[in-house]
Amino acid sequence: MTALLGKVCLLAGCAALGVLRGCRLGQRAACLEEFRRVLEGLSRELSFSLRPVADLLAGAAEGSRGDLAAFFQTCRRRFDAGGQESWAESWWAALDQTPLPLEEEDRRLLQEAGDVLGRYDGESQRQALTALVQRLADQAQKARATAQRLFRVYVALGVAGGLFCVIML
């Protein structure tokens, strides 16, 4: 009886690992979409007013949740604390410090936003952010497609790995 219960737990654990890995792909797509939404809001804000970037990022932190809010708070805190870093350096450091479910390609794309913010006049920032928002939307769409495609693969691999372990026992 105990052996059977152990085998069931092993199979369930392996299947759960597959589900968790598949969910991680969905988190990446959601994070990219949230970044796109916030940067789109910043772009709209820049078209109506020339508020300082610190105020814009404070609003972005309030309007977002979870890891993304932590990212904007870290970025603003780093910029305010030292006074030595530029917005781009604070942005890059916050990307490195905050545990976001992003791949390296996503991080490179988001680093471009840090390069743009606070560096140019309002219209140039808005245009650059609009182009970046479109690229983020494309990246999020690819991430969603990948998540949908690979979720079933990861679940199947988890179950197959669990069955293999059960058979080997």
Side-chain angles (χ1 to χ4, degrees), residues 1-44 56-79 81 85 88-115 117 129-169:
M1 182 65 169
T2 306
L4 179 62
L5 182 60
K7 290 178 181 181
V8 168
C9 287
L10 181 65
L11 178 63
C14 289
L17 285 175
V19 169
L20 288 175
R21 180 62 180 123
C23 288
R24 179 80 172 160
L25 292 171
Q27 290 173 348
R28 174 181 169 239
C31 184
L32 286 170
E33 187 60 35
E34 185 73 9
F35 258 113
R36 185 205 58 78
R37 184 189 63 77
V38 168
L39 291 177
E40 191 173 53
L42 288 176
S43 176
R44 278 194 308 272
L56 291 175
L57 289 184
E62 292 170 4
S64 53
R65 57 192 179 281
D67 291 337
L68 199 59
F71 164 77
F72 286 115
Q73 291 166 353
T74 301
C75 184
R76 184 166 184 202
R77 186 176 51 248
R78 286 187 61 89
F79 183 75
E85 291 183 344
E89 292 168 336
S90 297
W91 184 275
W92 299 335
L95 270 176
D96 290 338
Q97 290 176 356
T98 311
L100 297 169
L102 301 173
E103 294 180 355
E104 192 59 36
E105 181 182 356
D106 305 332
R107 290 182 185 279
R108 278 194 302 274
L109 184 61
L110 289 171
Q111 282 178 347
E112 291 180 28
D115 291 338
L117 287 173
L129 281 177
T130 301
L132 184 66
V133 162
Q134 181 57 45
R135 290 174 50 205
L136 270 174
D138 294 342
Q139 190 79 357
Q141 178 64 29
K142 288 178 192 176
R144 270 192 301 281
T146 300
Q148 288 174 348
R149 182 174 44 88
L150 290 181
F151 181 81
R152 291 186 300 267
V153 171
Y154 284 127
V155 171
L157 285 174
V159 170
L163 286 174
F164 177 75
C165 290
V166 167
I167 290 170
M168 293 305 291
L169 290 176

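- The residues R36 and E33 are annotated as salt-bridged, a charged nitrogen and a carboxylate oxygen being separated by less than 4.0 angstrom.
- The shortest side-chain heavy-atom distance between L110 and L136 falls under the 4.5 Å cut-off.
- For R107, the CZ atom sits in a packed shell: over 12 heavy atoms of surrounding residues, nucleotides or ligands are nearer than 6.0 Å.
- Note that CD of Q139 and CG of L109 are 6.0 Å apart. Values are rounded to the nearest 0.5 Å.
- C75 approaches S90 most closely through the heavy-atom pair O-CB, 3.7 Å.
- Taking every heavy atom of both residues into account, V166 and L10 meet most closely at N-CD2, 4.2 Å.
- Inspection of the Q141 and R144 side chains reveals an N or O donor paired with an N or O acceptor under 3.5 Å.
- To the nearest 0.5 Å, atoms CD (Q134) and CG (D138) are separated by 5.0 Å.
- Residues L132 and A113 approach most closely at CD2-CB, 3.2 Å, considering heavy atoms.
- Summarising the geometry, atom CZ belonging to R24 is positioned 15.0 Å from atom CZ belonging to F151; distances are rounded to the nearest 0.5 Å.
- Here the closest non-hydrogen pair linking L68 and L100 is N-CD2, 4.2 Å.
- Taking CG of L102 as the start and CZ of R108 as the end, the distance is 12.0 Å to the nearest 0.5 Å.
- Inter-residue side-chain proximity for V155 and R152 is flagged as unmet; no heavy-atom pair is nearer than 4.5 Å.
- Atoms CD and CG, on E105 and L32 in that order, are 9.5 Å from each other to the nearest 0.5 Å.
- Salt bridge R37/E34: present, at least one basic N to carboxylate O contact under 4.0 Å.
- Expressed to the nearest 0.5 Å, how far CD of Q27 lies from CG of L25 amounts to 9.0 Å.
- Side-chain contact check for D115 and Q111: no donor-acceptor pair (N or O, by modelled atom type) lies under 3.5 Å.
- Nearest approach of V159 to A15, heavy atoms of both residues: CG2-CB, 3.8 Å.
- Between P99 and D67 the shortest heavy-atom distance is O-OD2, 3.3 Å.
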**OP:** Assess whether side chain to side chain contact (heavy atoms under 4.5 Å, CB included) is satisfied between F35 and D106, documenting all intermediate values.
**Re:** CA-CA 10 Å; F35 258 113; D106 305 332; over 6 Å; no
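- Residues V38 and F72 form a side-chain contact, since some pair of their non-hydrogen atoms from C-beta on lies under 4.5 Å apart.
- When each of Q73, E89, Q97 is tested with R78 by the rule side-chain contact (heavy atoms from CB on, under 4.5 Å), just one qualifies, namely Q97.
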